[in-house]
Amino acid sequence: MGACEYLSWSRVQLYLRCPRAFRFRYVEEAPSAFTSSALVLGSAVHDLVGAFYGRLMAGESEEETPDASAFIGACFDEADPAVKLGAKEDRGGLCELGAAMATALTDHDLLGDTWSVAGVEERVEGPLIDEAPPFVGYIDLLMVDDTGQLGVVDFKTTKSRWSNATLRENSGQLVLYDALLGASNTHCSFLTVTKAKAPKVQQLTVEGNEQTREQLGEQVRHVWRGIESGTFPAHPGWGCGYCGYQDRCPHSSA
Ligand code: SF4
């Protein structure tokens, strides 16, 4: 599917960060010059934590836990295009860091006595507003309790602990998933982990209600109008250093 056939939370976020980068990626479908190390690390940690909950759902033994560091190393080696490491980064250090982060996330008692695993990487799809294409999303962890209430968890790897402002900035993703699920009284939360040798984990709850859905719908409406009308202004800044289109972008500040 192309850019105009469906939307996702990450597509909307890319448009908001830099509409020109959105155009390179989803309209021109230009190849990125590199894969960012943060993207590979975050994705590998997600895969490890997802596999952990997948094994729990299947009732499999934890003895089958893979070598997390080796798995992350393979993700770095197989990335296409190749990974660009930051000036102070090295592959081995990132693998150890990612393994510690995945362990910190799986050690957090998310389920307690209340929840059981109902799905991992659960696909949700549907319209948020009439005039835009449908959204597609993947819920990292879907839980259910004895009463049938659903719980949605999204895992985030972060540079530092989230402030209230960062939570507010990201909360639309869970408001979106809540709306796409269409269930009532869903419990939505982020489980964040810091990129550190001793990672810190935070569980942060997001309330989805009529007001937050309307706010998200208005934001998406403006983004969609921009995409539909071909409005893709460049937004140069710190993000250019992580942008795979910096070599072809006349506005790059990297
Ligand atoms: S290099 Fe900077 S301005 Fe150009 S597309 Fe990338 S983020 Fe946007």
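Both ligands and their constituent atoms are indexed starting at 1 by order of listing.
- Of the possible donor and acceptor atoms, one in the side chain of Gln149 sits under 3.5 Å from a partner among the backbone N and O of Asn185.
- Every atom of ligand 1 is numbered from 1 in the order shown, and the set under 4.0 Å from a heavy atom of Ser252 is 1 (S).
- For His251, every N, O or S atom stays at 2.8 Å or more from atom 4 (Fe) of ligand 1.
- In the vicinity of Pro236, heavy-atom distances shorter than 4.0 Å reach the ligand 1 atoms 3 (S).
- Side-chain N or O atoms of Thr35 include none that pairs as donor or acceptor with a backbone N or O of Ala79 at under 3.5 Å.
- For atom 2 (Fe) of ligand 1, the closest non-hydrogen atom on the protein side is Cys240 SG, 2.3 Å.
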Can you check side chain to side chain donor-acceptor pair (under 3.5 Å) on Gln202 and Lys156, steps first, answer last?
CA-CA 10 Å; Gln202 280 177 290; Lys156 294 285 186 213; over 6 Å; no
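- Counting atoms of ligand 1 from 1 in the listed order, those under 4.0 Å from a heavy atom of Cys249 are 1 (S), 3 (S), 4 (Fe), 5 (S).
- For atom 6 (Fe) of ligand 1, the closest non-hydrogen atom on the protein side is Cys243 SG, 2.4 Å.
- Of the charged side-chain nitrogens involved, none lies within less than 4.0 Å of a carboxylate oxygen, so that Arg123 and Glu121 do not count as a salt-bridged pair.
- In summary, an N, O or S atom of Cys18 is located under 2.8 Å from atom 8 (Fe) of ligand 1.
- A pairwise comparison of heavy atoms in Leu128 and Ala179 identifies CD1-CB, 4.0 Å as the closest pair.
- Contact atoms of ligand 1 toward Ala21: 5 (S) (distance under 4.0 Å to a heavy atom of the residue).
- Taking each heavy atom of Pro31 and Tyr245 in turn, the nearest pair found is O-CE2, 3.7 Å.
- Annotation: Trp9 is not in aromatic contact with Phe135 [ring centroid separation under 6.0 Å not met].
- Counting the atoms of ligand 1 from 1 in the order shown, those under 4.0 Å from a heavy atom of Gln246 are 1 (S).
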